[in-house]
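Keep in mind that the numbers below use all heavy atoms, side chains included, and drop hydrogens, waters and symmetry copies. Each ligand, and each atom within it, is numbered from 1 in the order the structure gives. Everything quoted here is computed from the prediction, not taken from an experiment.
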Amino acid sequence: MLGRRGARPQSQCIVISGESGAGKTESTKLLLQHIMNLCKGNSQLEQQILQVNPLLEAFGNAQTVMNDNSSRFGKYIQLRFQNNTVRGAKLSEYLLEKSRVVQQDTGERNFHIFYYMFAGLSSEQKEMYGLLDPSLYRYISKWFGTEDVAQHWKQKYQEVCNALDMVGFQEQEQVDMQAILAGVLSLGNVTFEPQESDGSLKVSESSRGWLKAAAGQFGVQEDELLKCLVCTMSVTRGEQIQRFHTQQQAEDARDSIAKVAYGRVFGWIVCKINELLAENVDPEVELREIGILDIFGFENFAVNRFEQLCINLANEQLQHFFNHHIFQMEQDAYRTEELPWETITFSNNEPVLNLLLSKPLGLLSLLDEQSAFPQATDKTFVDKLNSSFKGNVYFQPGRGRVLGFSIIHYAGKVQYTAGGFLEKNRDTLPANVRGLFINSVTPLLSLLFTATISRTGTLMPHMKTKIVPGADKFNSTRKQSAGAQFRHSLMVLMERMYSANPHFVRCIKPNSQKQPGVVDSQMLLQQLRYNGLLETIRIRRDGFSWRPSFEEFAERYGILLVKPDVSLTKGSCLEILQNTDLTGWICG
Ligand SMILES: Nc1ncnc2c1ncn2[C@@H]1O[C@H](COP(=O)(O)OP(=O)(O)OP(=O)(O)O)[C@@H](O)[C@H]1O
C-alpha cells in the first residue's frame with residue numbers, strides 16, 4: 001500500500017464512514033489487525049497498537065439506541081512506517097460526547113467504564129473509592145442489567161486493567177483515575193436548597209454525604225468544592241466579589257465539573273497512549289503513514305442536540321471529501337486530458353457545508369457570536385438563524401412549541417433542539433474550579449488541570465505550578481468555544497487527509513433493530529443512495545480506475561518491449577499497450 005514497484009511510495013488514508021452502528025469501529029479493528037499481520041516487524045509495538053483499543057472503547061464508547069458499543073468520539077490513527085515496518089503510531093481524538101457523563105436519553109447508558117468499575121472492583125476497592133450500590137447514582141441510574149451482563153462487564157474491566165498496565169500507567173495513576181471517576185459519580189448526587197437566613201444556596205441535608213465523598217475522591221476541601229458550586233468569586237480592582245448562584249446555575253456548575261473532569265481523564269489517556277506509541281525513527285529515512293479514520297456516524301435521533309450537529313457536520317465534511325476525490329478530481333482529469341467522457345452528476349453537499357461553516361454568517365459563526373453575548377439565549381440564537389437563513393433551502397425554521405430548527409443534510413433532514421446550544425458551545429468551566437483542582441492532593445487531578453488545551457481541544461499536560469485560591473483568572477471568554485475547537489480540529493484533519501492518497505470504506509447498516517441476520521432492503525437502498533454509491537459504481541464502471549503517469553507506466557511495464565533503454569515517454573506507453581492484447585485503456 002505504501003508504494004508498489006514502479007510507483008512512488010505515498011502516504012495513505014482510509015476513511016471509514018457509515019451510520020452509527022454500521023460497523024466502522026469493527027472494520028477499523030479488522031484493518032489494523034490485517035496491516036499488523038502484514039508488517040511482522042516490531043511485534044511488541046504492533047501488539048501495543050492493537051491492545052489500546054479496549055481502553056479507548058471503555059472510556060469513549062457507550063450504549064445508544066443505535067449501537068450497544070457506539071463510539072462517542074472520533075479517532076484518527078496514523079500508523080507510521082519506515083522501510084515498510086511500522087515504527088510508531090499517533091492517535092487523534094475528536095469531540096468526546098462529554099454531556100453523556102451527566103445525562104443519557106431513554107435506552108442509552110453512560111460511558112462503559114462506569115459500569116465496568118462496579119462489576120470489576122472488589123468490595124475493598126469499592127470501599128476505598130467510596131462507591132455504594134450503583135443504583136444510587138443519578139448519573140448511571142438507568143437499569144443495571146442481568147447477571148450475564150455483569151459478568152461480561154467484569155471481564156471487560158479486567159481487559160481495561162491489562163491495557164492500563166500495558167500502556168504503562170503507574171499504579172498510583174490508575175488509583176487516581178478511578179478515584180476521579182468515583183468522585184464524578186458522587187458529585188452527580190449533590191443537590192441544593194436555599195438557606196433560610198439569606199436565600200443563598202447550601203448543599204441539601206440529604207446530599208451532604210455525597211459532597212463529602214466527592215471532595216474526598218477529588219482530594220480537595222469540602223467547603224472549597226461547595227463554594228465553586230454555589231457561588232462565583234471574582235477579583236475586581238483588588239477586591240474579591242462573591243456572586244451567589246441560582247439553583248439552576250449551581251446544578252449547571254456541578255454538571256460542568258463532572259464533564260470537564262471526565263473529558264480531561266479521557267484526553268490524558270490518549271496522551272499516554274501517544275507517548276507509548278511514539279515512533280522510534282531513523283532520521284535518515286523518509287517517514288510514510290497510513291491513517292485510518294473512524295469517526296462517529298451520521299446521527300438522527302428523536303432528540304438531536306449540539307453534539308449531533310457537530311457529528312453530522314463531520315459527516316458532511318467527509319462526504320464532501322469523498323465527492324471531491326471520486327467525482328470531481330477524476331472527471332476534471334478526464335476533461336483536462338480531453339478524453340471522451342459523459343459527465344456523471346452527483347449530489348454536491350457544498351451548500352450545506354457553507355451553511356454550517358462559512359464566516360461570518362455560517363451557523364457555527366453565528367453560534368459563536370451569540371455565545372459571546374452574556375445576555376444571549378438559545379431563543380435569540382434561533383431567532384438569529386431564522387433571519388440569517390431565510391430562503392436557504394437547506395435550512396428550515398422549527399415548527400411547534402419546541403425551540404429548534406432543521407437542516408437538510410446529505411443523508412436526510414435532521415430536526416435539532418436548540419436548548420443547551422449556547423451553554424454547550426461556551427463549555428464554561430465554573431470560576432475557581434481550575435485553581436481548586438490544581439491544588440488537589442490527588443496528583444493526577446492536579447496534573448489534568450495544570451494542562452493546557454490546544455486550539456483543537458487536545459489536552460497538553462505540563463509541569464505543575466501552584467495557584468493561589470481565588471487568584472485564578474481562568475475564564476470562559478479567553479478560551480475557544482466547543483464549536484470553534486471542533487471546526488479547527490476538523491480543518492487539521494482534512495488537511496492531513498488531503499495530503500494523502502485516500503481509500504474509502506463505506507459501511508452499510510442492515511437494520512435499525514441491532515439484529516443479526518436481518519436485512520431491511522429499503523434502509524439499505526436509502527444508504528446506497530445518499531452515500532452516492534450508485535453514482536460511484538457508474539464512475540467505476542465507465543471510468544479508468546488506474547491512472548499512472550507515462551513515466552510510472554513505462555518504468556513498470558517497459559520490460560514487455562524486450563529492448564534496452566525504453567524511454568519513459570507517451571510513445572513508449574502506446575507501444576507497450578499496442579503490443580499487448582489489453583483493451584479498455586485510453587491515453588491522455
Ligand atoms: N464485521 C462485523 N462482523 C460482525 N458483527 C459486526 C461487524 N461489524 C459490525 N458488527 C456488529 O455491529 C455492531 C456495531 O458496529 P460498530 O460499533 O463497528 O459500529 P460503528 O459504525 O462504529 O457505530 P458508531 O458510529 O455508533 O460508533 C457491533 O457491535 C457488532 O455487533
Side-chain angles (χ1 to χ4, degrees), residues 14-35 37 50 52-77 91-100 104-105 107-113 115-116 145 148-149 152-153 155-156 159 266 292-302 304-305 307-319 322 409-412 414 486 490 493 504-520 523-524 526-528 530-531 533:
I14 306 171
V15 183
I16 305 183
S17 53
E19 285 188 11
S20 177
K24 298 179 294 296
T25 306
E26 294 299 322
S27 304
T28 305
K29 286 191 261 187
L30 290 171
L31 253 169
L32 272 175
Q33 267 170 19
H34 185 62
I35 296 173
N37 275 340
L50 296 176
V52 295
N53 222 25
L55 200 53
L56 289 172
E57 289 197 4
F59 284 83
N61 288 25
Q63 177 174 330
T64 67
V65 285
M66 291 174 109
N67 180 0
D68 291 347
N69 183 32
S70 183
S71 309
R72 307 317 298 160
F73 69 109
K75 64 173 182 283
Y76 188 56
I77 308 166
L91 188 75
S92 307
E93 45 107 359
Y94 299 92
L95 200 84
L96 178 75
E97 189 193 44
K98 288 181 288 182
S99 60
R100 182 166 295 273
Q104 310 96 42
D105 287 327
E108 308 220 336
R109 284 192 165 131
N110 209 319
F111 290 100
H112 294 325
I113 186 64
Y115 307 93
Y116 295 174
D148 281 356
V149 174
H152 171 69
W153 286 341
Q155 207 182 323
K156 287 286 189 186
E159 271 179 35
F266 185 76
I292 306 178
L293 182 72
D294 169 18
I295 210 156
F296 15 58
F298 185 80
E299 290 184 347
N300 189 1
F301 294 134
N304 299 293
R305 304 190 170 90
E307 290 81 0
Q308 273 69 47
L309 184 84
C310 292
I311 287 172
N312 292 340
L313 162 62
N315 282 279
E316 287 284 359
Q317 190 87 66
L318 290 181
Q319 181 65 16
F322 176 80
H409 286 286
Y410 77 100
V414 179
F486 187 60
L490 255 186
L493 173 70
F504 299 95
V505 177
R506 314 292 273 180
C507 297
I508 303 291
K509 190 171 163 147
N511 64 71
S512 47
Q513 295 85 41
K514 305 190 236 183
Q515 289 299 317
V518 178
V519 176
D520 174 345
M523 188 172 165
L524 238 62
Q526 193 193 7
Q527 291 170 78
L528 295 178
Y530 76 62
N531 275 320
L533 286 183

Which residues share a ring pair (Phe, Tyr, Trp, His ring centres under 6.0 Å) with Phe301, sequence neighbours left out: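 Checked Phe301 against ring pair (Phe, Tyr, Trp, His ring centres under 6.0 Å); zero matches.
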
By ring pair (Phe, Tyr, Trp, His ring centres under 6.0 Å) - contacts of Phe296 (at least two apart):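 Counting only residues at least two positions away or on another chain, Phe296 forms no ring pair (Phe, Tyr, Trp, His ring centres under 6.0 Å).
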
Sequence neighbours excluded, every pair satisfying salt bridge (Lys or Arg N to Asp or Glu O under 4.0 Å) that has a member inside residues 56-65: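 Checked against salt bridge (Lys or Arg N to Asp or Glu O under 4.0 Å) - neighbours excluded - the pairs reaching residues 56-65 are Lys29-Glu57.
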
Cationic tip of Arg72 above Phe111 ring, under 6.0 Å, 45° of axis: no

SB check Asp105 Arg100 (cutoff 4.0 Å): no

Per-ligand residue contacts, ligand 1, heavy-atom threshold under 4.0 Å: Glu19, Ser20, Gly21, Ala22, Gly23, Lys24, Thr25, Glu26, Asn67, Asn69, Ser70, Ser71, Gly297

Worked check of salt bridge (Lys or Arg N to Asp or Glu O under 4.0 Å) between Lys75 and Asp294: CA-CA 5 Å; Lys75 64 173 182 283; Asp294 169 18; 3.2 Å; yes

